[in-house]
Protein chains: 2
Amino acid sequence: MSQRVTLGLVQMKSAASIAANLARAESRVQSLAHRGAQIIALPELFLTPYFCQTKDKKFFGLAEPIPGPSVRALQDIARRNKVVLTTSVFEKGERGKCYNTAVVLDADGKLRGTYRKMHIPDDPKNYYGEAYYFTPGNLGVCVFKTRFAKIATLICWDQWFPEGARIAAAKGAQIIIYPTAIGYQLKAKSGINEAEHEAWQVIQRAHAIANTVFVAACNRVGLEHRLRFWGTSFVTDPYGRVLAQAGTEKEEDVLVPCDLEVIDQMREDWPFLAARRMKVEG
Amino acid sequence: MSQRVTLGLVQMKSAASIAANLARAESRVQSLAHRGAQIIALPELFLTPYFCQTKDKKFFGLAEPIPGPSVRALQDIARRNKVVLTTSVFEKGERGKCYNTAVVLDADGKLRGTYRKMHIPDDPKNYYGEAYYFTPGNLGVCVFKTRFAKIATLICWDQWFPEGARIAAAKGAQIIIYPTAIGYQLKAKSGINEAEHEAWQVIQRAHAIANTVFVAACNRVGLEHRLRFWGTSFVTDPYGRVLAQAGTEKEEDVLVPCDLEVIDQMREDWPFLAARRMKVEG
């Protein structure tokens, strides 16, 4: 396994139809792969508009088993472009339970595994009314050995919880990827959106520092209903230095070469994982 | 308990003698108290030079029981100025074991409790050769109800571990205070000092965000042997916004009014503590 890997982030808007979003994703993945990307992330639930701002039974019709038609289409995209691909999808699980589930598709198109989002926002203002749709994940935090690196995928609200990143790193992740859908709330009090936006990046940089891993966040962008997704898809190195970052306003591809050897070098000076005195479990 | 509290940080250099450092601390505490400070922090082990850059048995002679002469002097300073006071001291503990121990002295001078540093750097380059002197703490993370707020004191290297801050907040801390002694290494590779300095603040801002608490760091400043302590003592609110910050070059007093009501307000939007799915223990 080479120690150099190039990450690609597809910061995108989601159109109304799954077919359109898959086609859009494929062309963006193809372009990033041509430029050298090996591991590519798409935003959280990118297959559809972010329906969680409304509670409506009809949206359960969007859920699919894994693998289902959409995941199979994504597997084909990964295989055709020889890239590792990750995003989250609306999973129709066992006994009618639905999950917000990350899929990790290896560069040969194989489904390497899934992670079901554990921290589900139950937002009374329904900016992120996810608890109506998603059961909290029951698979724990998973690390996947892909062709190019050992990665963990956590999802959006998991970003605020240091425990998930800690477990991922302790299980061997070199890169933690957060597909996400987060934005400015149209009716927030003055200053709150700016504070949340900044905090969102700070805490993910801190996950990289605390665990000496690379962290990547891939976000939606643009207005949907009462949320203006703030983009800012970025990659940080294990010092928490932002290596590359998209803007807040438009669709962008982010391409970031990462040298994973930095992880072992840093851990000589900062053996945080080895020196922990407190247990995290979950 | 009022919801408004004013923090004071004494960013200082340590002179050779304990008596001189106590006198200096007293005059700074007095000045901050006159300006309204209610909870005041002094840097880690401020009673002496930072002896951990050298391994020498003679330094064990600096350790004192708690309470011993120095802690009693600090209790008097707290009582005379009607402030909560916290710092860390070199504790001579049971059966010859020594600890790097935070003391929390209430505004009436009472010793409210102690916390023994749990994460002890064992630095082969001896910038922070603490493992030679200090046994890892055996008291767990403690929260102290003082006259002005519920505070937890963690110490320096603990800063890099999200677990400690998490436990402190889960036990009810409103403010986490880190007395610290950290600086630029005179022989570090280019760029490393800057990266570490920035990471140091980012991760503490993230502790505030993850736990919706205030975080304060009080550091040494100035050159001692091979470390140039970088000051930058600061206070961050629960959004990770730095409310006030000292410079990197000289002694400074930092005075920061904090509105603790923000904590409960924020937890309505961001109920991270309540929504955790993973356990932290220690």
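To find a chain, count down the sequence lines: A is the first, B the second, and so on, and within it residues start at 1. The analysis underlying the following values was restricted to heavy atoms, covering all of them including side chains, and did not include hydrogens, waters or symmetry mates.
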So, taking the atom named CG in B:D269 and the one named OH in A:Y128, what distance separates them when rounded to the nearest 0.5 Å? 11.0 Å
Could you grab the distance from atom CD1 of B:I192 to atom CE of A:M266, nearest 0.5 Å is fine? 8.0 Å
Determine the interplanar angle of the A:F272 and B:F161 rings, folded into 0 to 90°, and report it as parallel if under 30°, tilted if 30 to 60°, perpendicular if over 60°. perpendicular
Please state whether the side chain, the backbone, both or neither of B:R276 comes within less than 4.5 Å of a heavy atom of chain A. both
Need one label for B:I167: side chain, backbone, both or neither, based on atoms under 4.5 Å from any heavy atom in chain A. side chain
Could you check whether any side-chain N or O of B:H119 sits under 3.5 Å from a backbone N or O of A:R277, counting only pairs where one atom can act as donor and the other as acceptor? yes
Report the C-alpha distance between B:M118 and A:M278 in whole Å, list the side-chain angles of each, state the deciding distance to 0.1 Å, and finish with yes or no for side chain to side chain contact (heavy atoms under 4.5 Å, CB included). CA-CA 9 Å; B:M118 292 182 71; A:M278 300 161 195; 3.4 Å; yes
For the pair B:R205 and A:E198, evaluate salt bridge (charged side-chain N to carboxylate O under 4.0 Å, His left out) and give the outcome as yes or no after the intermediate values. CA-CA 11 Å; B:R205 293 169 64 197; A:E198 171 76 5; 3.0 Å; yes
Does B:K279 NZ have over 12 foreign heavy atoms under 6.0 Å away? no
Would you call B:R166 and A:E163 a salt bridge, taking side-chain N to carboxylate O under 4.0 Å as the test? yes
salt_bridge(B:K125, A:E268) N-O dist < 4.0 Å: no
Highest number of heavy-atom pairs under 4.5 Å with chain A: which of B:A208, B:G164, B:P136, B:G140? B:P136
Looking only at A:A165, A:P124, A:A195, A:P271, the option with the highest number of non-hydrogen pairs under 4.5 Å against chain B is A:A195
So that I know where these two stand, are A:Y239 and B:W200 an aromatic pair - ring centroids less than 6.0 Å apart? no
For B:A206 versus A:V202, what's the shortest heavy-atom pair and its separation? N-CG1, 4.0 Å
